[in-house]
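Order of appearance sets the numbers: ligands from 1, and atoms from 1 within every ligand.
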Amino acid sequence: MATVDYSLRGRIAVVAFQAPPVNSLGHAMRAGLVAALDRAAADAAVDGVVLIGGNGTFSAGADIREFGTPAMIRGPSLWTLNTALDAMPKPVVAAIEGVALGGGLELAMSCHHRVALATAKVGLPEVKLGLLPGAGGTQRLPRLIGVENALNVMLSGEPLPAPMFAKSPLFDRVVDADLLGAAVAVAEASAAALREGKKLPRARDLKVREPDLDGICQFARNTVKTAFKEYPAPLAIIDAVHFGATRPIDAGFAEEGRLFKQLMDGPVSAAMRHVFFAERAASRVAGLPEGTATRDIKAVGVIGAGTMGTGIAINFLNAGIPVRLLEVGQEALDKGVARIRQTYEGQVKKGKLDAAKLEARMALLAPTLSYADLGAVDLVIEAVFEDMGVKEKVFRQLDAVAKPGAILASNTSTLDVDQIAGFTGRPGDVIGLHFFSPANVMRLLEVVRGAKTAPDVLATAMALAKKIRKTAVVSGVCDGFIGNRMINQYSAQALQMLDEGASVEQVDGAIEKFGFAMGPFRMSDLAGNDIGFHIRKRQYAEGKLARKAVVADRLCEMGRFGQKTGAGWYDYKPGDRNAQPSKVVADLIDQARKEAGVTPRRLDDAEIVDRLVFALVNEGARILEEKIAQRASDIDLVYLTGYGFPMWRGGPMQYADSRTLYEVARRMQAFAALPGADSAFWTPAPLVARLAADGGSFNGGGA
Ligand code: 3HC
Ligand code: NAI
């Protein structure tokens, strides 16, 4: 709830505003602030005003929850508020602590003076929401800190320490303590100057001084064009600054407003706003009340020093948490330790880490061959071969040595976490922590909640994920959890389209144009085709796969595992990771079509993309129905942070929403009618069918 408190300190009105937790500037807050300014303007006992956030922070800007709703433009708008400040006959000082971001900083820039605590951070993060600062920021900031600095602030979107701008007109003073006292003093001095006939300083009255305006803007345009190909906001920011810098500020405001509306109404900002809320929603877990106690994690054990184990260990070493790394044999252990060191050395070479830090991190690593050495750690993560028999041995040994209360986690990508928990006498302490490869780089962590996982174990995993800077998404237990279960359907479609007439290059090319960093075949060559082969063999044996992946299986039988064997879906020249189209693979596909009696047909890019993405969506819907995922936005987050789904499309479920589920269901029905189609595969999941019929959406309600 927004409150605006008005009190007097001598002849200065102190307007303290609050809307916990971040004092966003929703309608009620804007109305309260305009009323307080009007009151101060009319109050004969008042010479000046201080605006201060009431709960340790200034403001995180516009209320993003209002975007796209009538409340966003309901008067008074931010625009009205800032115009009221421009028109104030008495000095107004913004007193900034915590953060002043977006509309919060724009509000402060509309005041006559700004005083900040040295610990405060300021920034214009609108670009991260696919927007530009739309309450005067593109015009006032260049006037206060110069064009180049202002572009850097707006294009990075990062919150920056206030002292960085202490010498610019952005701040009158940056103080270490007594923010309110300093702000009141500035207001009093300004009021005295006003009485002596001085004009009140306003950002809008400053001139933009930049002799090389065109050069700087062109340089910025070239930079963002390559860095943010699909994002319109960075270019719009530069355009707004460039336009306004040589014109009266009101013309600049008008252009800024036009561009802001255009971005706000576009699909990219809708997707980016969705991602903002998805990231925050993911930490809310059903049945886990806020404040659930967590266990202390002071030391971690990792079992298996292969690809994943080493990457997992690095996460904890980076966070300053000691790691005991266990292997079956000395050679594998030495190789694992060497791999960790090599990763750090690579970072030192790139200037991302210094040699002292490398050694400090390596000093936290204790390699071992003995389970007894895991007796004292608070969390053990197992990353051994993906084989239930091996996992059973590991968990039985762990159960024997781990101290009471230690969390026992598995990094399995497909196996049943409940079965694994059953190998111990403490299933409540067992959880899945599914990292993605490379585990020290990929942001996603699927936290797999077993049937018996204790609430404090789950809460600890979520808190720990934050500490090691991962995006944690909770998944229930099923084959492949959220991400891999869906990707199996996507891969099945990719293979099916080869059978029907598409080429490997065409499938990859179409989905890469859609925005994926890598198509399914290039990705598989990178990760190793043998991983899927191994999983398929198990699934054939369990009767879980209706169709045999003939071409993919033959590819692996030929030893074409991908980049690591110099050949996979593509050919590779020695020492070159560039994928070259393969005649061998084309012949293999051709042969399989002949054997199946298929006459190849031409598939266009739109069909390829829709079949790949809607295969994800249909499985995602089933995952929601089964409550494996808590919400559609969690699924989106899994795909954005773990599978290279284009961020600017907001994730598969959001993308489906943007196409409307009616259209999605119709496309699925059309795919079901194609020659040779698997009609069961393309039957819209009941949730898709219901939402399509009701006009609902995954993320907007009804799911
Ligand atoms: N509007 C509405 N809600 C907001 C918000 C905003 N501007 N900023 C944060 N919140 C909400 C979050 O959704 C979260 O809600 P929840 O608890 O219900 O999930 C809560 O505030 C706390 O946020 P965080 O979990 O992110 O808390 P942190 O302490 O980690 O971070 C922060 C605080 C640095 C302020 C961070 O929230 C942030 O960066 N916020 C976004 C700031 C932003 O983008 N501002 C620009 C808005 S657009 C604008 O101003 C347009 C203008 O130019 C016209
Ligand atoms: P890997 O083969 O690279 O490493 C496994 C390591 O475990 C080997 O070094 C092996 O010596 C060791 N090991 C085997 N049995 C052991 C035992 N009883 N005690 C101690 N160490 C033992 O395998 P990778 O790729 O690291 O996979 C490990 C686990 O992580 C698997 O469950 C896998 O499904 C999962 N995973 C793999 C991903 C990947 O992309 N590679 C992604 C996410 C999860």
Side-chain angles (χ1 to χ4, degrees), residues 19-26 57-67 72 77-79 82 98-107 121 123-138 154 157-159 256-257 260 264 269 272-273 276-277 279-284 290 302-312 325-329 331-333 335-336 339 369 371 381-395 397-398 410-415 432-439 442 444 446 466 481 483-484 526-528 531 534-535 642:
V22 295
N23 299 344
S24 60
L25 300 167
T57 195
F58 191 72
S59 169
D63 184 343
I64 305 166
R65 288 164 307 186
E66 282 187 349
F67 287 2
M72 183 181 118
S77 65
L78 263 184
W79 181 252
N82 292 347
V99 296
L101 299 176
L105 181 59
E106 291 173 295
L107 172 69
K121 292 203 166 159
L124 293 174
E126 286 84 347
V127 71
K128 294 185 179 175
L129 300 171
L131 296 169
L132 52 63
T138 63
M154 288 186 271
E158 286 302 308
E256 177 191 273
F260 183 79
M264 179 66 85
S269 176
M272 303 295 285
R273 276 148 31 211
F276 177 87
F277 288 116
E279 281 171 343
R280 282 149 186 88
S283 60
R284 285 192 284 272
E290 230 174 277
V302 175
I303 305 184
T307 311
M308 293 308 289
T310 50
I312 292 169
L325 182 64
L326 184 144
E327 256 292 345
V328 271
E331 200 183 323
L333 188 59
K335 253 172 91 179
R339 193 200 302 239
L369 295 172
Y371 272 84
I381 304 174
E382 160 281 308
V384 302
F385 299 136
E386 186 76 340
D387 179 292
M388 197 53 108
V390 183
K391 307 267 188 210
E392 173 169 3
K393 264 171 77 184
V394 167
F395 273 83
Q397 289 180 85
L398 263 183
S410 173
N411 181 50
T412 178
S413 16
T414 50
L415 299 176
L433 291 180
H434 185 212
F435 289 79
F436 287 71
S437 183
M442 296 299 287
L444 178 61
E446 274 182 333
K466 249 194 189 155
F481 314 119
N484 283 346
L526 179 67
I531 297 180
H534 183 71
I535 295 171

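- Checking only distances, F67 never comes within under 3.5 Å of ligand 1, N or O to N or O.
- In L129, the part holding a heavy atom less than 4.0 Å from any atom of ligand 1 is the side chain.
- At the top of the distance list for atom 2 (C) of ligand 1, counting protein heavy atoms only, stands D63 OD1, 3.2 Å.
- The protein heavy-atom contact nearest to atom 29 (C) of ligand 2 is V384 O, 3.2 Å.
- For atom 4 (O) of ligand 2, the closest non-hydrogen atom of the protein is G306 CA, 3.3 Å.
- What you find for S410 and F395 is that their closest heavy atoms are CB-CZ, 3.9 Å.
- A cation-pi arrangement is present between R280 and F276, with the terminal nitrogen or guanidinium carbon under 6.0 Å from the aromatic centre and inside a 45° cone about the axis.
- Of the protein's non-hydrogen atoms, the one nearest atom 13 (O) of ligand 1 is R280 CD, 3.5 Å.
- Listed by number with element, the atoms of ligand 1 under 4.0 Å from a non-hydrogen atom of P133 are 53 (O).
- Contacts between P21 and ligand 1, counted as non-hydrogen atom pairs separated by less than 4.0 Å, involve the side chain only.
- In this structure, R284 is part of the shell of residues with a heavy atom less than 4.0 angstrom from ligand 1.
- Atom 42 (C) of ligand 1 has A60 O, 3.4 Å as its closest protein atom, hydrogens excluded (heavy atom only).
- Only the side chain of H434 comes within 4.0 Å of ligand 2, counting heavy atoms alone; its backbone N, CA, C and O stay farther away.
- Protein heavy atoms are absent from the space less than 4.0 angstrom from atom 15 (O) of ligand 1.
- Among protein heavy atoms, atom 26 (O) of ligand 2 sits closest to M308 N, 2.8 Å.
- Remark: among candidates A282, P20, G157, G103, the nearest residue to atom 50 (O) of ligand 1 is G103, based on non-hydrogen atoms.
- When all heavy atoms of T138 and P133 are compared, the closest pair comes out as CG2-O, 3.6 Å.
- At a 3.5 angstrom cut-off on N or O pairs, F277 does not count as close to ligand 1.
- Counting heavy atoms under 4.0 Å from ligand 2, residue V394 touches it through the side chain alone.
- Taking any N or O of G134, backbone or side chain, at least one lies under 3.5 Å from an N or O belonging to ligand 1.
- Using a 4.0 Å cut-off between heavy atoms, F435 contacts ligand 2 through its backbone alone, with no side-chain atom that close.
- For the ligand labelled ligand 2, residue A383 lies inside the 4.0 Å heavy-atom shell.
- In summary, the atoms of ligand 1 found under 4.0 Å from a heavy atom of E126, numbered by their order in the structure, are 48 (S), 49 (C), 50 (O), 51 (C), 52 (C), 53 (O).
- For K335, the heavy-atom gap to ligand 2 stays at 4.0 angstrom or more.
- The shortest contact between atom 10 (N) of ligand 1 and any protein heavy atom is with V22 CG2, 3.8 Å.
- The atoms of ligand 1 that sit less than 4.0 Å from any heavy atom of E106 are 52 (C), 53 (O), 54 (C).
- Comparing L526, T412, V390 against atom 15 (N) of ligand 2, the shortest heavy-atom distance belongs to V390.
- Taking any N or O of L101, backbone or side chain, none lies under 3.5 Å from an N or O belonging to ligand 1.
- The closest protein non-hydrogen atom to atom 1 (N) of ligand 1 is I64 N, 2.9 Å.
- Here the shortest heavy-atom pairing between S269 and L129 reads OG-O, 2.8 Å.
- By the 3.5 Å distance cut-off applied to N or O atoms, N411 is counted among the residues near ligand 2.
- Remark: atom 23 (O) of ligand 2 lies closer than 4.0 Å to no protein heavy atom.
- Nearest protein neighbour of atom 17 (C) of ligand 2, counting heavy atoms only, is V328 CG1, 3.5 Å.
- Which of P125, A135, P159 comes nearest to atom 44 (O) of ligand 1 through a heavy atom is settled by distance: it is P125.
- Atom 21 (O) of ligand 1 lies below 4.0 Å from at least one non-hydrogen atom of the protein.
- Atom 32 (C) of ligand 1 lies below 4.0 Å from none of the non-hydrogen atoms of the protein.
- Per-atom contact check: atom 8 (N) of ligand 1 touches the protein, criterion being a heavy-atom distance below 4.0 Å.
- Looking from atom 10 (C) of ligand 2 to the surrounding protein, the closest heavy atom is E327 OE2, 3.4 Å.
- Contact annotation: G137 has no heavy atom less than 4.0 Å from any atom of ligand 1.
- Close approach to G102 involves these atoms of ligand 1, each under 4.0 Å from a residue heavy atom: 46 (C), 50 (O).
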